[in-house]
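To start, the structure itself, in structure tokens.
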Amino acid sequence: MKKEDINTVNENEYENENVKEATAEETAVNEEAQAEDTTAEEPEEEKDPLVAAQEEIEELKKQMLYKQAEFDNYRKRTLKEKADLILQGGEKTIKEILPVLDDFERAMADKSEDPAAIKEGMQLIFNKFQKTLESLGVKKIETENADFDVDFHESIALVPGMGEDKKGKVIDCVQTGYTLNDKVIRFAKVAVGQ
């Protein structure tokens, strides 16, 4: 064979191989396209709207029941915590007051006949009790030479003829008032100048 014939045969073989590769690629692409067409042609199973709605309703019912149970547990837990706080708050108060009660018991057991010693002992117990109340947040409402204030005082009497400088002022305190953490727990009962 001639050199030209060999080149032509080689070129033909090369072209045939390229054509085979191209055909194989085209065939693969065509098969993929056909597969896509067949899946596109096959309709997906569409659910009945009623069935879908019922399933959604069931799911929402479950969620609602879970949330309701969670809320009930939260409510019960907070009620228990509040009750515990109230009991513990009372416990703290009682623990603070017990030493004062012990002092009263010791004073009652004392057989002293000296009035000055008894009075001094009672004054010490009274001072201790006041300090204990102050440590718990209880404070006495001051009324001496104070202006009448409806936020802290309750007027039980009007005293006429006290002069202009005593008008609207507290003249006498009949019952002491107290605040607990700046909240009035008992108003001071006072007589007011008119």
When rounded to the nearest 0.5 Å, the distance separating NZ of Lys82 from CG of Leu85 is 9.5 Å

message: Is there a side-chain contact between Phe126 and Gln130 in this structure, where contact means two heavy atoms from C-beta onward sitting under 4.5 Å apart?
response: yes

Looking only at heavy atoms, the pair that brings Leu136 and Leu180 closest together is O-CD1, 3.6 Å

I'd like to know whether CD of Glu113 has more than 12 heavy-atom contacts from other residues, nucleotides or ligands below 6.0 angstrom. no

Notebook entry, point to check: Would a 4.5 Å heavy-atom cut-off, applied to side chains only, mark Met64 and Leu60 as touching?
Noted result: no

Side-chain heavy atoms of Ile141 within contact of Tyr178, under 4.5 Å: no

**OP:** Report yes if the side chains of Lys166 and Ile171 come closer than 4.5 Å at any heavy-atom pair, otherwise no.
**Re:** yes

Exercise. Counting heavy atoms not belonging to Glu105, are there more than 12 under 6.0 Å from its CD?
Worked result: yes

Glu91 bridged to Lys95 by N-O distance under 4.0 Å: yes

Are the charged groups of Lys76 and Asp72 less than 4.0 angstrom apart, N to O? no

Shortest non-hydrogen pair, Ser112 vs Ile118, comes out as O-CD1, 3.6 Å

Using a 4.5 Å side-chain heavy-atom cut-off and chaining through intermediate ILVMFWY residues, the residues clustered with Val192 come out as Phe148, Val150, Leu158, Val170, Val190

Tightest non-hydrogen contact, residues Phe187 and His153, listed as CD2-N, 4.1 Å

Quiz item: Do the non-hydrogen side-chain atoms of Gln68 and Leu65 ever get within less than 4.5 Å of each other?
Solution: yes

May I have the step-by-step check of side-chain hydrogen bond (donor to acceptor under 3.5 Å, both in side chains) for Gln123 and Asn127, ending in yes or no? CA-CA 6 Å; Gln123 186 64 46; Asn127 291 342; 3.1 Å; yes

#### Entry: Asp182, CG: over 12 other non-hydrogen atoms inside 6.0 angstrom
no

* Heavy atoms, side chains only, cut-off 4.5 Å: are Lys61 and Tyr66 in contact? -> no

**Prompt:** Would you say Ile156 and Val174 make side-chain contact, with heavy atoms under 4.5 Å?
**Reply:** yes

Q.
Strictly distance-based, threshold 3.5 Å: is any side-chain N or O of Arg186 a donor or acceptor partner for the main-chain N or O of Thr176?
A. yes

- prompt: Are side-chain heavy atoms of Cys173 and Lys189 found at a separation under 4.5 Å?
  reply: no

